[in-house]
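Take a look at the structure set out below.
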There are 2 protein chains.
Amino acid sequence: MLRVSRLTDYATVVMTVIATHPADVLSTAQIADEARLELPTVSKLLKLLGHAGLVESFRGVNGGYRLARPAEAISLADIVEALEGPIGLTECSIAQGHCDRHAQCGVSGSWQSVSGAIDGVLRGMTLAQMLAGRPAAPAKGAANPAQANA
Amino acid sequence: MLRVSRLTDYATVVMTVIATHPADVLSTAQIADEARLELPTVSKLLKLLGHAGLVESFRGVNGGYRLARPAEAISLADIVEALEGPIGLTECSIAQGHCDRHAQCGVSGSWQSVSGAIDGVLRGMTLAQMLAGRPAAPAKGAANPAQANA
DNA sequence: TGGAAACCGGACCAAAATGGTACTGTTTTC
DNA sequence: GAAAACAGTACCATTTTGGTCCGGTTTCCA
């Protein structure tokens with residue numbers, strides 16, 4: 001269904017929880033509690049988000065996590081990429097040359113085009129906007145914004 | 001990765017093959033040959049595409065498949081939906097109420113918003129446009145929703 | 001100085017989705 | 001009535017996903 005994985009969905013929740021406490025370092029347990037998610041799952045997510053440079057970690061007693069950048073500077077695309085790798089609808093969209101049918105398939109260009117547009121949509125939605133609840137037009141940079149759903 | 005399934009990718013290839021012969025009824029074998037895909041796989045795809053009303057089927061000798069509508073009237077969203085169901089990045093995007101965390105999660109609105117935008121992107125790319133952007137033709141149509149991979 | 005609080009990096013496993021194939025039936029044409 | 005071609009369904013192997021656990025390391029503080 002053209003889904004993002006459930007972990008990615010959870011990751012956005014985790015990020016918004018962290019973002020609502022901009023001044024604090026939150027432990028995994030606190031975050032899991034506020035996000036209503038299992039602790040091991042949240043722990044795994046935070047590791048991934050840390051590797052992607054979206055959160056900063058602090059070890060030891062009173063350690064925990066904090067946003068690495070202001071919420072305005074973190075996009076949904078950043079989060080999706082942290083969990084799922086580079087954004088692209090098809091294999092061709094990410095790396096050419098893998099497909100031996102590439103020469104005659106003819107659709108790769110179209111897929112790349114829409115992948116780019118979708119990347120723009122995701123990049124236009126910031127964590128700050130997600131916090132705000134009802135964001136304005138999410139599709140900046142994409143040529144076909146469409147209506148903001150129902 | 002935010003991928004579309006490989007079958008969906010194949011389906012676009014199959015559709016473009018059919019679309020290049022607007023006047024003919026093509027057998028599954030012909031389509032498989034032109035698309036360079038396995039016959040059973042193509043057969044499965046065509047059944048799905050038929051159920052979605054994107055292709056018409058004709059049984060018996062000299063039977064086969066044909067586009068049910070002109071290529072201009074078939075969008076990438078139609079094909080994706082035929083293979084993967086309703087378009088929505090998260091479960092919340094498709095049907096509300098499933099998630100017991102819905103009340104406090106706060107991100108569902110954002111996901112719905114970007115899902116809608118992506119749906120628009122997919123709906124804006126028609127099969128006719130995909131045909132126009134074949135690799136043999138160096139002059140890529142400027143009618144695409146966005147420039148490739150920004 | 002030692003213990004507790006937290007994160008780190010893996011490994012691991014069960015369950016589900018995916019991709020691919022096969023088989024049998026039905027329809028149509030000649 | 002035989003052959004061509006689609007229809008429906010069932011099946012299986014593989015991969016991906018989601019979730020959990022464990023031992024190790026770092027830091028704080030009594």
Side-chain angles (χ1 to χ4, degrees), chain A residues 1-14 18 24-33 35-68 80 82-85 89-91 94 99 101, chain B residues 1-14 18 24-33 35-68 80 82-85 89-91 94 99 101:
Chain A
M1 308 180 188
L2 189 55
R3 292 273 173 87
V4 98
S5 85
R6 204 190 306 185
L7 271 308
T8 302
D9 192 359
Y10 291 168
T12 60
V13 177
V14 164
I18 300 176
D24 305 325
V25 172
L26 302 177
S27 72
T28 305
Q30 286 176 285
I31 297 168
D33 185 56
R36 263 106 181 160
L37 295 170
E38 295 303 316
L39 193 140
T41 300
V42 172
S43 171
K44 185 183 211 173
L45 288 172
L46 287 167
K47 282 176 219 170
L48 267 338
L49 293 168
H51 291 163
L54 302 184
V55 298
E56 270 183 318
S57 67
F58 300 91
R59 305 178 76 153
V61 177
N62 299 327
Y65 293 91
R66 189 174 64 182
L67 250 41
V80 170
L83 275 289
E84 320 203 359
L89 270 347
T90 63
E91 311 197 12
I94 295 171
C99 183
R101 295 179 259 269
Chain B
M1 315 171 203
L2 188 57
R3 292 272 173 89
V4 97
S5 86
R6 204 191 306 185
L7 271 309
T8 302
D9 192 0
Y10 290 168
T12 61
V13 177
V14 163
I18 300 176
D24 305 326
V25 171
L26 302 177
S27 72
T28 305
Q30 286 177 285
I31 297 168
D33 185 57
R36 264 104 179 162
L37 295 170
E38 295 303 314
L39 194 140
T41 299
V42 173
S43 171
K44 187 184 212 173
L45 288 171
L46 288 167
K47 281 176 218 170
L48 266 338
L49 292 168
H51 291 161
L54 302 183
V55 298
E56 270 184 318
S57 67
F58 300 91
R59 304 179 77 155
V61 178
N62 298 327
Y65 293 90
R66 190 175 61 183
L67 250 43
V80 170
L83 274 288
E84 319 202 359
L89 271 344
T90 63
E91 311 200 10
I94 296 172
C99 183
R101 296 179 258 269

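Chain letters run A, B, ... following the sequence lines, proteins first, then strands; residues in each count from 1. Side chains are part of it too, since the values below use all heavy atoms of this structure and drop only hydrogens, waters and symmetry mates. For clarity, every value in this text was computed on a predicted model and none was experimentally measured.
One atom, CD of A:E38, and another, P of D:dC21, lie 10 Å apart when rounded to the nearest Å. The distance from atom CZ of B:R3 to atom P of D:dT15 is 15 Å, rounded to the nearest whole Å. The CG atom of B:L49 sits 15 Å away from the C1' atom of D:dA7 (whole-angstrom rounding). If you take CD of A:E84 and P of D:dG18, they are 8 Å apart, rounded to a whole angstrom. Spacing between atom NZ of A:K44 and atom P of D:dT17 amounts to 11 Å, rounded to whole angstrom units. The CG atom of A:L26 sits 14 Å away from the C1' atom of C:dC7 (whole-angstrom rounding). In this structure, A:L83 atom CG and D:dG19 atom P are separated by 12 Å, rounded to whole Å. Computed from coordinates, the A:L7 CG to D:dG18 C1' distance equals 6 Å when rounded to whole Å.
Counting non-hydrogen atoms of other residues, nucleotides and ligands closer than 6.0 Å to CD of A:E38 gives a total of 12 or fewer.
Taking CG of B:L49 as the reference point, atom CD1 of B:I18 lies at 7.0 Å (rounded to 0.5 Å). In this structure, CG on B:L83 lies 6.0 Å from CG on B:L45, to the nearest 0.5 angstrom. In this structure, CG in B:L89 is found 6.0 Å from CG in A:L2, a value given to the nearest 0.5 Å. To the nearest 0.5 Å, atoms OG (B:S43) and CD1 (B:I31) are separated by 10.0 Å.
A:G64 comes within contact range of the sugar-phosphate backbone alone, with a heavy-atom separation under 4.0 Å but no base atom that close.
The side chain of A:S5 has D:dG18 as its nearest neighbour among D:dG18, D:dT20, C:dC8. Taking every side-chain heavy atom of A:T28 into account, C:dC7 is the closest of D:dT20, D:dG18, C:dC7.
Checking the phosphate oxygens (OP1, OP2) of D:dA7, no side-chain nitrogen or oxygen of B:H51 falls inside 4.0 Å. At least one side-chain nitrogen or oxygen of B:R6 sits closer than 4.0 Å to the OP1 or OP2 atom of C:dG20. Contact check, A:Y10 against D:dT17: no side-chain N or O comes under 4.0 Å of OP1 or OP2. Close to D:dA5, at under 4.0 Å from its OP1 or OP2, lies no side-chain N or O of B:S57.
Scanning both residues, A:E84 and A:V4, for their nearest heavy atoms gives OE2-CG2, 3.3 Å.
When each of B:V14, B:V25, B:T28 is tested with B:Y65 by the rule side chain to side chain contact (heavy atoms under 4.5 Å, CB included), just one qualifies, namely B:T28.
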Can you check each nucleotide of nucleotides 22-30 of chain D against protein heavy atoms at under 4.0 Å and return B for base, S for sugar-phosphate only, - for none, in 5' to 3' order?
-> --BBBBBS-
